[in-house]
Every structure is written in C-alpha cells, then in structure tokens.
Amino acid sequence: MRSLKGKNEIGYFKGALTAALVLVLCACCSLRTYAAYGTQEINDSKARIKENQKKLEELKSKTYAVDARLDELNKLKEDAAAYISGLDAELAEVEKEIERLNEEIVGMEQQIGTVETQLSEAEEDEKAQYASMKKRIKFMYEHSNDNLISIIFGAEDFSDIINRAEYIRNVSVYDRQKLDEYVELRNAAKAKKEELESARQVMSQTMAEIEDRKNSIEKLQSDKEKEVAGYESGIASKEAELSEMNKDMAGIRAAIQAEENNIAAIEAEIRRQEEEARKKAEANGETFTPLTVGDISFTWPCPGASRITSKFGDRESPTEGASTNHKGVDIGASSGTPVVAAAGGTVVLATYSASAGNYIMLSHGGSVYTVYMHLSSMSVSKGDTVSRGDKIGAVGSTGYSTGPHLHFGIRINGSYVDPLGYVSP
C-alpha cells in the first residue's frame, strides 16, 4: 500500500509539474505572440509617425514661406501707410498755404477796391477843381479891365488895393496847387492799382500751381490707399492660409502623439507580460536569474565630448516643450559628433519624436535600456544588434532643443536613473 501510495504521489507530482510547465510554455508562447504582434503594431505606428512627420515638415516649410510673405506684405503696408502719413502732412501744409493765399488775395482785392474808390474820388475832385478854375480864368479874362478898375476904385486905400491883388493871385496859386495835388494823387492811385493788379496776378498763378500740387497729392493718396487695401487683402488671405496650415499641423502633431502613446502602451504591455511570465516561472519552481544593471559594462556614449550641459533631475525648462524633470544628462557637442552604444544590446526603437527628435532606444536585457535623443542622423534600425562602442548615430539638435547636444538616459525596470551613477566621460 505504501509503495502504491508513493507511486501515486510521484505520479501526481509529475502531473502537476507537467501542468505547470505547460502553463509556463503557454504563457511564454502567449508573450511571444503578443510581442510579435506588438512589434508589428509598433512598426506600423512608426511608419505612420514617419509619414506624418514628413507631412509636418512639408507644412512647416510652407508656413515659413507664408510667414515670409506676410512679413513682406506688412512691411509694404507699413511703408505705404508711412508714405500716406507724409502725404497727409504735406497736404495739410498745402491747404494752409492755399488758405493764406486766399486771405491775401481777398485783402488785396479790398485794397484795389479802396484804391479804385480813391482814384474815382480824385478824378471827380480834379474835374470839379478844373471846372471851377476854368470859370475863374474865363471870368478874369473877360472882365480883367473891370476887375482892375473895381479893385482900384473899390479899395479904401493903397494897402487895400495891394491886399485885393494879393488875394486874386493867391486864388490862382491855390487852384494850381490843388490841381497838381489831385493829379499826383490820381497818378499814385493808378500806380498802386497797377502794382496790386500785378501782385494779384502773381498770387493767382501761385494759387493755380498750389491747386495743381494739391490735386497731385490727393491722387497719390488715392493710389496709395488702394495699394494699402490690396496689401490688407493679401495679408488677410495669407493669415487665413496660415491659420489652416496651423490647424493641419496641430492635427498631424496630435496623430504623431497618438502613435507615440500607442507605442508606449505596447511597450508597457510587453513589460507587464514579461513580469507576469517571470512571476509564473518563479511560482512553478523554475530558476529565474535575471540580468541586472551590475552585470552590464557601460562606455561613454559620446567619445568626442565630455561637457555636461544639463544634469539629471529637476531643472528649469531650457525651451518651450522641454521637460523640467530631466530624465538623463545632456552632453554638449558639435553636430555630427559620433554617438556610440553605451553597451551591447538590441535596437528596440529608432524613430522620430516631436520632443526627442531622432532618437534610439537599446535593450541590454534585465529590463535595462539606454536612450539617445536629438540625433542629427541614425545609423541603426529597429531589430539591429549592436556591440558596446558601435556607432549608432550622430549628435544633432532635432526635437525640442536649444542647440546641438546628446541627451543620454538609462532606464532600469521602467524608471530612469542618473546615468552618471553608471558611466562617466
């Protein structure tokens, strides 16, 4: 009975062991199946990212051209507006000059009217004085003897005779003097009138020239305003075009981000299944000796440079979009400086990210990964096997970057650690 019981126990143990091995194998098969499916899906996502990135770069190029044209149109508009402003100032000065000339011409016409009145009055006075003088001369000529007798016999004494003769002489002198004054006044009035008329003609000519200048300025203003309207129409059109491009780019960036999120989710699921398989193996009594980071020998990933420009951990964001929790170290180097594999392993990612630019991720086993970001070029593809020190790319400034450098990171069991704890220049 004891023997039979022992055999039954052995048989039960073998059956249980077989069942456990089957479960582990099934889990491994399931893991390999999902990994294969996940790898294919990741490759498809990468292809879509690459295609969308190409579209994004094309749109960026177009936006640069539209931006340049917008700048040009705005500059032309500003120049035209400044020119119109200058014309406005010039036109204001011309209108002031026209107003001044009009006032002067009105004043001059008033002066001419006054002179004409004076001239007319002088001519009338001259005529009256001349007529009066002629009457006196005629009378004296016709009655010269009678006057002489009247003066002699009508006088009281010799002194009175002298006074009366002097009176007659003074009347003649007065008539002559007044006549000369009126003639002088008339001639002066005529000369003044001629002078004013000549000045008015000059002013009228100047006024005509200024009016022509005003019309020319107004024509230039009208033409420039039409030009500005054309620029504004072009600016509105280009701004609408740029807005549509920005919408398209936002859609493409969202699609790229969605693909990157999909890749991250697949990688997380692969890690979860790896961990689940490990736990199942251990639960079934299998020996599980995972590779640890201490088993890996690292070398400096950028042999041509050793200057650390940004350390691991918290920091201020160096540029819009860059992280404030730095998950690696930045190594300052010139564009094109070779980047090498820090340790031997397999290329699990060699793609583009809007933030990381061209970047590579290597798997070194034992859930240990290294990442290399902002590359100007990549020398490996997903699935390639590399040895420690093999060239995998070159330093660049792609993605969110303020200048050429290599972002180097080490990830262990899903978390990033300070690379300087494992490798140094």
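As the structure is a prediction and not an experimental result, all values here were calculated from the model. For the numbers below, each heavy atom of this structure counts, side chains included, while hydrogens, waters and symmetry mates do not.
Every residue meeting the side chain to side chain contact (heavy atoms under 4.5 Å, CB included) condition with E78, not counting sequence neighbours, appears here in chain and number order: K75. Partners of I210 by side chain to side chain contact (heavy atoms under 4.5 Å, CB included), not counting sequence neighbours, listed by chain and number: V94, E97, I98, L101, T206. Take E225 and apply the side chain to side chain contact (heavy atoms under 4.5 Å, CB included) test, not counting sequence neighbours, and it matches I84.
Listed for the W300 side chain is no donor-acceptor partner under 3.5 Å among the backbone atoms of A342. Although no hydrogens or angles enter the test, the distance criterion places a donor-acceptor pair under 3.5 Å between the side chain of H405 and the main chain of G403. Remark: side-chain polar atoms of N246 are paired, donor with acceptor, to backbone N or O of L242 under 3.5 angstrom. A distance-only check finds a donor-acceptor pair linking the side chain of D384 to the backbone of S381 [under 3.5 Å]. No donor-acceptor pair under 3.5 Å is formed between the side chain of S415 and the backbone N or O of I412. S363 places no side-chain N or O within donor-acceptor distance of the main-chain N or O of Y369, the cut-off being under 3.5 Å. D330 contributes no side-chain N or O that, together with a main-chain N or O of S310, makes up a donor-acceptor pair within less than 3.5 Å. In this structure, the side chain of N215 engages the main chain of E211 through a donor-acceptor pair within 3.5 Å.
Here the straight-line distance linking atom CD of E239 with atom CG of D67 works out to 10.0 Å at 0.5 Å rounding. In this structure, L406 CG and Y359 OH are separated by 14.5 Å, a value rounded to the nearest 0.5 Å. The structure places CG of N74 at 13.0 Å from NZ of K238, a figure rounded to the nearest 0.5 Å. The OH atom of Y83 sits 11.5 Å away from atom CG of D88, with the distance rounded to the nearest 0.5 Å.
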Apply the test side-chain contact (heavy atoms from CB on, under 4.5 Å) to residues V348 and L362: give CA-CA distance (whole Å), side-chain angles for both, the deciding distance (0.1 Å), then the verdict.
CA-CA 6 Å; V348 292; L362 303 181; over 6 Å; no

Verify side-chain contact (heavy atoms from CB on, under 4.5 Å) between V423 and T299, making sure each step is shown before the conclusion.
CA-CA 6 Å; V423 66; T299 188; 5.6 Å; no

Stepwise side-chain contact (heavy atoms from CB on, under 4.5 Å) check, R411 with K327
CA-CA 9 Å; R411 191 173 72 175; K327 297 178 180 179; over 6 Å; no

What do the steps show when you test D390 against V340 for side-chain contact (heavy atoms from CB on, under 4.5 Å), and what is the final call?
CA-CA 5 Å; D390 285 351; V340 303; over 6 Å; no

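Considering every non-hydrogen atom in both A305 and G332, the closest pair reads CB-O, 3.3 Å. Here the shortest heavy-atom pairing between P419 and G409 reads CG-CA, 4.1 Å. Pairing each heavy atom of V395 with each of A333, the nearest pair is CG1-O, 3.7 Å. When all heavy atoms are compared, the tightest approach of A341 to S387 is CB-O, 3.7 Å. When all heavy atoms of N358 and T398 are compared, the closest pair comes out as N-OG1, 3.0 Å. Taking each heavy atom of P301 and I331 in turn, the nearest pair found is CG-CD1, 4.0 Å.
Looking at K96 and E99, no side-chain N of the basic residue comes within less than 4.0 Å of a carboxylate O on the acidic one, giving no salt bridge.
At least one side-chain heavy atom of S401 sits under 4.5 Å from a side-chain heavy atom of H374.
T370 and Y372 are linked by a side-chain donor-acceptor pair at a separation below 3.5 angstrom, with hydrogens and angles left out of the test.
Taking the six-membered ring where tryptophan is involved, the planes of F298 and H364 are perpendicular, since the angle between them exceeds 60° and thus also 30°.
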